[in-house]
Amino acid sequence: MEDAYAKSVAEVLEAFGVDRTKGLSDSQVEQHAMLYGKNVLPQEESTPFWKLVLKQFDDLLVKILIAAAVVSFLLARLNGETGLTAFLEPSVIFMILAANAAVGVITETNAEKALEELRAYQADVATVLRNGCFSILPATELVPGDIVEVGVGCKVPADMRMVEMLSHQLRVDQAILTGESCSVAKELDSTSAMNAVYQDKTNILFSGTVVVAGRARAVVIGVGSNTAMGSIRDAMLRTEDEATPLKKKLDEFGTFLAKVIAGICILVWVVNIGHFRDPSHGGFLRGAIHYFKVAVALAVAAIPEGLPAVVTTCLALGTKRMARLNAIVRSLPSVETLGCTTVICSDKTGTLTTNMMSVSKVCVVRSVHQRPITDEYSISGTTFAPDGFIYDAGELQLEFPPQSPCLLHIAMCSALCNESTLQYNPDKKSYEKIGESTEVALRVLVEKVGLPGFDSMPSALNMLSKHERASYCNHYWENQFRKISVLDFSRDRKMMSVLCSRKQQEIMFSKGAPESVMARCTHILCNHDGSSVPLTMDIRNELEARFQSFAGKDTLRCLALALKRMPEGQQSLSYEDETNLTFIGLVGMLDPPREEVCDAVQSCMSAGIRVIVVTGDNKSTAESLCRQIGAFEHLDDFTGYSYTASEFEGLPPLERANALRRMVLFSRVEPSHKKMLVEALQSQNEVVAMTGDGVNDAPALKKADIGIAMGSGTAVAKSASDMVLADDNFATIVAAVAEGRAIYNNTKQFIRYMISSNIGEVVCIFVAAVLGMPDTLVPVQLLWVNLVTDGLPATAIGFNKPDGNIMTVKPRKVNEAVVSGWLFFRYLVIGAYVGLATIAGFVWWFVYSENGPRLPYSELVNFDSCSTRQTSYSCSIFEDRHPSTVSMTVLVVVEMFNALNNLSENQSLL
């Protein structure tokens with residue numbers, strides 16, 4: 001049922017023909033199961049292993065190599081060779097190809113795990129009302145129309161519409177779906193929002209989300225693929241994996257090389273047709289086969305067999321360096337993609353921010369007799385760690401915060417009027433929360449304020465172990481006061497209260513939305529002397545103004561704290577008790593930006609990379625964060641730079657394209673919008689990196705050129721990504737981009753080195769064939785040179801240090817060729833002298849060497865007619881391997897110098 005959020009409870013129940021007091025009957029369950037299917041995400045057919053293996057050989061250069069291996073083997077058999085010699089060349093080629101295929105298969109099998117891990121977010125069981133009775137059933141048996149009861153800790157088993165509230169409120173953590181940093185309050189009323197996104201559907205419980213407070217009943221409206229989780233799965237299935245920029249360029253280069261090779265091979269064969277009948281070959285057919293072998297040798301010489309292995313090794317070394325930077329690479333080619341990233345779409349919560357609510361400002365009333373009426377304090381520290389200091393308006397640190405009466409009472413109230421827990425996790429070496437983020441932020445504030453009566457307080461607390469320190473001050477107040485009764489938070493009151501007793505004195509502490517708490521206050525606590533005075537209209541207006549400043553300009557989440565002395569011996573609380581309160585103070589909290597994010601954003605800007613902040617949060621909160629991290633640079637007006645998802649979708653196509661080019665912030669988004677944003681940017685030829693941590697981010701992570709998941713994120717997000725940030729930190733992405741650029745530069749250098757070396761080999765064989773000389777180098781020698789003597793220096797080039805200006809140049813264009821026309825000409829020239837030097841070594845042995853036959857040059861180029869002529873030397877001299885060894889030695893030495901030549905494209909070696 002698509003629009004259940006817009007219909008009333010009665011309309012939804014009527015649509016499924018269900019009575020809310022009895023649930024579905026057995027016959028209805030059968031009927032609905034036939035109609036809507038089972039509540040499971042369908043199993044996706046995985047690619048058979050043999051298909052994955054075959055896919056690795058679907059590459060033009062690889063096919064040419066296979067053909068060369070097969071032809072080489074057949075020719076060897078035709079020539080009557082047996083044993084090792086017939087198999088040597090083909091087996092070496094096949095071993096190279098097998099190693100490359102293995103890397104490819106491992107990479108591809110990782111990608112298919114993401115779909116499987118979506119199943120982990122489906123609930124196992126559900127409490128269902130059927131035939132008038134409640135029973136616990138497997139969640140897979142649910143059908144639309146079932147009435148289901150959910151409570152705290154329940155994983156929602158299907159998409160459901162709320163029908164009955166069984167507590168004051170129901171709050172659900174739907175961060176895995178929407179990325180909202182706080183839990184969401186659910187209600188029964190229908191929603192009238194146009195183009196409603198998940199965040200607007202406050203009467204719908206989404207499959208896979210978790211209930212964090214309250215109890216309720218709901219009717220199932222979608223199962224299996226027809227749930228929010230199912231739509232994510234479908235989006236992931238529709239996402240095709242794109243080839244990385246380097247892969248595309250290497251493929252293009254491979255096609256170009258293949259054509260050149262084919263042309264040269266045919267040319268060599270055609271040029272030598274006249275030599276087919278030479279007596280030395282023993283007939284026309286054998287002559288044709290001989291020159292066909294020369295053509296095969298040419299193909300082997302021209303293809304850089306070591307290239308895939310060296311690229312893989314270089315990328316693998318890059319991933320090792322990145323792992324030290326806390327960036328764990330899951331797919332090797334993505335290392336290089338980072339280098340040409342032009343846009344980073346970054347999640348706000350947890351990546352740019354710490355995802356740890358913390359109190360940053362406190363406002364109290366100083367005195368009613370002197371101005372200014374209020375005192376404002378700022379609090380340092382951006383995590384759940386109890387480390388941080390309190391500063392006054394003049395930015396002076398308070399030595400002993402508990403000496404301020406209001407701060408002392410704020411600490412008491414925050415510790416007692418609180419249901420959360422703060423603890424230290426020794427395995428992760430970090431402080432963790434249990435409960436609502438806002439309540440944990442108050443717990444941390446209590447620790448920062450400290451305890452009264454100890455002059456050595458701050459240093460004494462630091463002597464404690466981290467486990468004891470986590471909640472030492474909170475435990476102190478909980479031991480000082482005995483909790484008697486609690487009035488839970490409700491949506492109409494927007495506050496909670498707790499009755500405590502200490503030394504035969506009963507006190508009620510309250511906290512809640514400032515407008516609700518302040519409306520119930522008649523007195524205020526003065527920070528100047530700790531006295532309680534009546535709350536006048538002037539002071540009320542002043543506090544209202546402070547609240548508006550906190551919530552408006554600073555976009556802080558505000559809570560007001562209050563207390564009330566109660567009659568001695570009172571044992572319970574009622575709503576009527578929440579009047580005539582004494583106002584203690586106002587606290588403002590936020591999910592603070594990470595300290596290193598500002599510099600990282602600046603690095604991106606100077607490197608020509610745009611940062612777009614993408615968040616499910618509301619627009620004003622997100623704009624405030626963007627201003628803090630410098631994403632808006634020095635703009636005062638954000639019009640045209642900040643859009644909500646619905647605003648962006650409402651733009652005409654031309655305006656939308658212009659908006660994309662300027663966009664800095666994209667707020668109130670749901671999963672489909674993230675994927676839409678990636679596709680829109682890719683259509684403008686941008687190379688997009690997308691970060692995410694929730695299940696909701698998986699389709700966009702898979703679609704992006706490089707998907708970056710958070711180490712603390714869900715298994716689904718990690719499986720769909722190319723890279724995982726172990727420390728969830730945006731600054732790590734920027735460091736990884738610099739590494740990616742360095743890797744690409746080195747990759748380009750060693751590809752050029754290998755190509756220029758291969759051109760030298762081709763020139764050597766081609767010139768020898770045209771001049772009519774014996775074989776200068778045999779295919780196995782060429783394979784050895786290509787793999788070992790070219791492969792190792794090429795790998796060393798991959799270790800080159802990055803240039804100093806690597807993060808001040810613009811990203812390279814995606815369509816930039818690895819080897820451009822001018823460079824190819826340069827390498828033809830280099831290749832020509834490499835090839836000619838190799839032939840010169842071969843000729844030298846025959847003509848000038850003391851250990852050689854010292855033949856005239858004319859005899860060497862007419863070696864094939866030796867058997868038909870009277871000569872002063874044996875014709876077997878042309879089968880001697882010494883000249884070939886000299887050629888290979890010359891080739892290897894010249895290529896070592898060529899390696900030094902390729903350390904930089906344009907800089908001198910000196």
Asker: Kindly state whether the ring of Phe632 and the ring of Tyr641 have centres lying under 6.0 angstrom apart.
Answerer: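 No: the rings miss the under 6.0 Å criterion.
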
Asker: Within the side chain of Asn425, is there an N or O that forms a donor-acceptor pair under 3.5 Å with the backbone of Ser430?
Answerer: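 No, the answer is negative, given that no donor and acceptor are paired below the 3.5 Å cut-off.
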
Asker: Would Phe766 and Ile264 count as a side-chain contact (heavy atoms from CB on, under 4.5 Å) if you check the C-alpha gap in whole Å, the side-chain angles of each, and the deciding distance to 0.1 Å?
Answerer: CA-CA 8 Å; Phe766 181 70; Ile264 293 174; 4.0 Å; yes

Asker: Mind checking the CZ-CG spacing from Phe638 to Leu665? Nearest 0.5 Å is all I need.
Answerer: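 These two atoms lie 9.0 Å from each other.
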
Asker: Would you name the heavy atoms of Lys674 and Met690 that are closest together and state the gap between them?
Answerer: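 Looking at all heavy atoms of both residues, the closest pair is O-CE, 3.8 Å.
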
Asker: Please enumerate all residues that pass salt bridge (charged side-chain N to carboxylate O under 4.0 Å, His left out) together with Lys428, with sequence neighbours excluded.
Answerer: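 Only Glu432 meet the salt bridge (charged side-chain N to carboxylate O under 4.0 Å, His left out) criterion with Lys428.
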
Asker: Tell me, with the steps shown, if Leu625 and Asp617 meet side-chain contact (heavy atoms from CB on, under 4.5 Å).
Answerer: CA-CA 11 Å; Leu625 174 95; Asp617 256 345; over 6 Å; no

Asker: Return the set of residues passing salt bridge (charged side-chain N to carboxylate O under 4.0 Å, His left out) with Glu761 (not counting sequence neighbours), or none when no residue passes.
Answerer: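 Not a single residue meets the salt bridge (charged side-chain N to carboxylate O under 4.0 Å, His left out) criterion with Glu761.
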
Asker: For Glu895 and Asp790, indicate whether the former's side chain and the latter's backbone hold a donor-acceptor pair under 3.5 Å.
Answerer: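 Such a contact is absent between Glu895 side chain and Asp790 backbone.
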
Asker: What is the distance from atom SG of Cys340 to atom CD1 of Ile706, rounded to the nearest 0.5 Å?
Answerer: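 With rounding to 0.5 Å, SG (Cys340) is 9.5 Å from CD1 (Ile706).
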
Asker: Which atoms form the tightest heavy-atom contact between Arg321 and Glu739, and what is the distance?
Answerer: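 Shortest heavy-atom contact: NE-OE2, 2.7 Å.
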
Asker: Looking at Arg741 and Ala607, what are the two nearest heavy atoms and their distance?
Answerer: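 Here Arg741 and Ala607 meet closest at NH2-O, 3.0 Å.
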
Asker: Got a second to check how far Met663's CE is from Phe648's CZ, nearest 0.5 Å?
Answerer: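 Between Met663 CE and Phe648 CZ, I get 4.5 Å after rounding to 0.5 Å.
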
Asker: Could you walk me through whether Ser756 and Asn898 satisfy the side-chain hydrogen bond (donor to acceptor under 3.5 Å, both in side chains) test, starting with their C-alpha distance in whole Å, then the side-chain angles of each, then the deciding distance to 0.1 Å, before giving a yes or no?
Answerer: CA-CA 8 Å; Ser756 61; Asn898 191 21; 2.8 Å; yes

Asker: Just verifying a value: how many Å separate Leu836 CG and Cys764 SG, rounded to the nearest 0.5 Å?
Answerer: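 That separation rounds to 9.0 Å.
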
Asker: So how far is it from Thr691 OG1 to Leu701 CG, rounded to the nearest 0.5 Å?
Answerer: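 Rounded to the nearest 0.5 Å, the OG1-CG separation comes out at 7.5 Å.
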
Asker: Between Met723 and Ala736, what is the shortest heavy-atom contact and its length?
Answerer: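 Closest heavy-atom pair between Met723 and Ala736: CE-CB, 3.9 Å.
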
Asker: Could you go through Asn800 and Gln749, starting from their C-alpha distance and side-chain angles, then the distance that decides it, and tell me whether this counts as side-chain hydrogen bond (donor to acceptor under 3.5 Å, both in side chains)?
Answerer: CA-CA 10 Å; Asn800 243 357; Gln749 294 306 81; over 6 Å; no

Asker: Nearest 0.5 angstrom please: Ser672 OG to Leu677 CG, how far?
Answerer: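 Interatomic distance, Ser672 OG to Leu677 CG, rounded to 0.5 Å: 11.5 Å.
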
Asker: Take Asn326 and Thr732, measure what side-chain hydrogen bond (donor to acceptor under 3.5 Å, both in side chains) needs, and give me the verdict at the end.
Answerer: CA-CA 7 Å; Asn326 286 319; Thr732 303; 5.2 Å; no

Asker: Sub-3.5 Å donor-acceptor pair from the side chain of Ser887 to the main-chain atoms of Thr838, do we have one?
Answerer: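 Yes, the answer is positive, given that a donor and an acceptor are paired below the 3.5 Å cut-off.
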
Asker: Using side-chain heavy atoms (C-beta onward) and a distance below 4.5 Å, is Asn901 in contact with Tyr753?
Answerer: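 They are not in side-chain contact.
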
Asker: Nearest heavy-atom pair of Ala689 and Ile708: which atoms, and what distance?
Answerer: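 Minimum heavy-atom contact is CB-CD1, 4.1 Å.
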
Asker: Given the ring of Tyr744, does Arg812 sit roughly above its face, with NZ or CZ under 6.0 Å from the centre of the six-membered ring and within 45° of the axis?
Answerer: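 Arg812 over Tyr744 ring: yes.
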
Asker: Please assess Ile759 against Ile830 for the test side-chain contact (heavy atoms from CB on, under 4.5 Å), listing each intermediate value before the final yes or no.
Answerer: CA-CA 8 Å; Ile759 291 171; Ile830 294 169; over 6 Å; no

Asker: Step by step, would you call Asp728 with Thr351 a side-chain contact (heavy atoms from CB on, under 4.5 Å)?
Answerer: CA-CA 6 Å; Asp728 293 10; Thr351 309; 5.9 Å; no

Asker: Can you find a pair of side-chain heavy atoms, one from Asn658 and one from Arg662, that are under 4.5 Å apart?
Answerer: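 No; the side chains remain at least 4.5 Å from each other.
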
Asker: Provide the closest heavy-atom pair for Cys345 versus Val614 in the form atom of the first, atom of the second, distance.
Answerer: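 Nearest heavy atoms, Cys345 then Val614: CB-CG2, 4.0 Å.
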
